[in-house]
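Structure record follows, encoded as structure tokens.
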Amino acid sequence: MELVGEYTFAAPRERVWQLMLDPVVLKGCLPGCEKLELVGEDEYEATMKIGIAMIKGTFGGKVKISDKIDNESYTMAIQGSGPQGQVKGLGKLEFVADGDDKTIVKYSGNADVSGTIARVGARMIQPAAKTISGQFFKCAASKINGGA
């Protein structure tokens, strides 16, 4: 599954960069995220409740951030599993200044989903991923506007 998109924030690039690396903000904005704990340099353990179609469950996994270029880009690797299946993915976020007070975050990545969730919810995975990313970016934007 491929996921590509962009979101424009009404904030300077440095502020958006900081926000997108803040574990408190990330945990609060990722739909279904119950835990996001730092376990190493730029490495986190996460627990999320996710539902796709009629398949719902709790997934545990790891998130690793690498290839950081301050205020410009980073790569994020994820892997997780639960009773309903497994997910493994790699994505890139790019931060592009649009004047002094706007930032465009461009994201792209691929994920492999297997198990029951892939077999039963295959047609629903892509729309669900787009919905989740949209909810995440709207929440993150509200944190910037709220001064988080």
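We number each residue from 1, following the sequence as shown.
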What distance separates [X] [atom1] from [Y] [atom2], expressed to the nearest 0.5 Å?
X   : Y    : atom1 : atom2 : result
F95 : M20  : CZ    : CE    : 5.0 Å
M76 : L26  : CE    : CG    : 6.5 Å
L93 : Y107 : CG    : OH    : 9.5 Å

Test of understanding: with side-chain contact (heavy atoms from CB on, under 4.5 Å), list the residues that count as partners of [X], not counting sequence neighbours.
X    : result
E41  : none
A46  : L36
D101 : none
L38  : Y44

Just so I know, are the side chains of [X] and [Y] near enough to count as touching, which here means a heavy-atom distance under 4.5 Å?
X    : Y    : answer
E94  : V105 : no
W17  : D70  : yes
I144 : V16  : yes

By salt bridge (charged side-chain N to carboxylate O under 4.0 Å, His left out) - contacts of [X] (at least two apart):
X    : answer
E34  : K49
K130 : none
K35  : E45

query: Do the side chain of T131 and the main chain of P127 share a donor and acceptor less than 3.5 angstrom apart?
result: yes
query: Does any N or O in the side chain of T103 come within less than 3.5 Å of the main-chain N or O of R13, such that one atom is a donor and the other an acceptor?
result: yes
message: Looking at every heavy atom in both E14 and N71, which two are closest together, and how far apart are they?
response: CA-OD1, 3.5 Å
query: For the residue pair M48 and C33, what are the closest heavy atoms and their distance?
result: CG-CA, 3.9 Å
message: Using the rule given for side-chain contact (heavy atoms from CB on, under 4.5 Å), can you reason through E43 versus K62, listing the C-alpha separation, both sets of side-chain angles and the distance that settles it, and then say yes or no?
response: CA-CA 7 Å; E43 189 169 350; K62 293 192 178 215; 3.8 Å; yes
- request: State which residues pass side chain to side chain donor-acceptor pair (under 3.5 Å) with D112; sequence neighbours excluded, sorted by chain then number.
  value: none
Partner residues of T75 under the side chain to side chain donor-acceptor pair (under 3.5 Å) criterion, sequence neighbours left out: D67
- prompt: Which residues pass the disulfide (SG to SG under 2.5 Å) test with C139, sequence neighbours left out?
  reply: C29
task: Indicate yes or no: does K64 engage D42 in a salt bridge with an N to O separation below 4.0 Å.
output: no
Listed pairs under 3.5 Å, donor-acceptor, residues 78-89 side chains, sequence neighbours left out:
residue	atom	partner	partner atom	Å
Q84	NE2	K56	O	3.1
Q86	OE1	S114	OG	2.9

field: Listed partners of Y7 passing ring-ring contact (aromatic ring centres under 6.0 Å, His included), at least two apart
entry: F9, F137
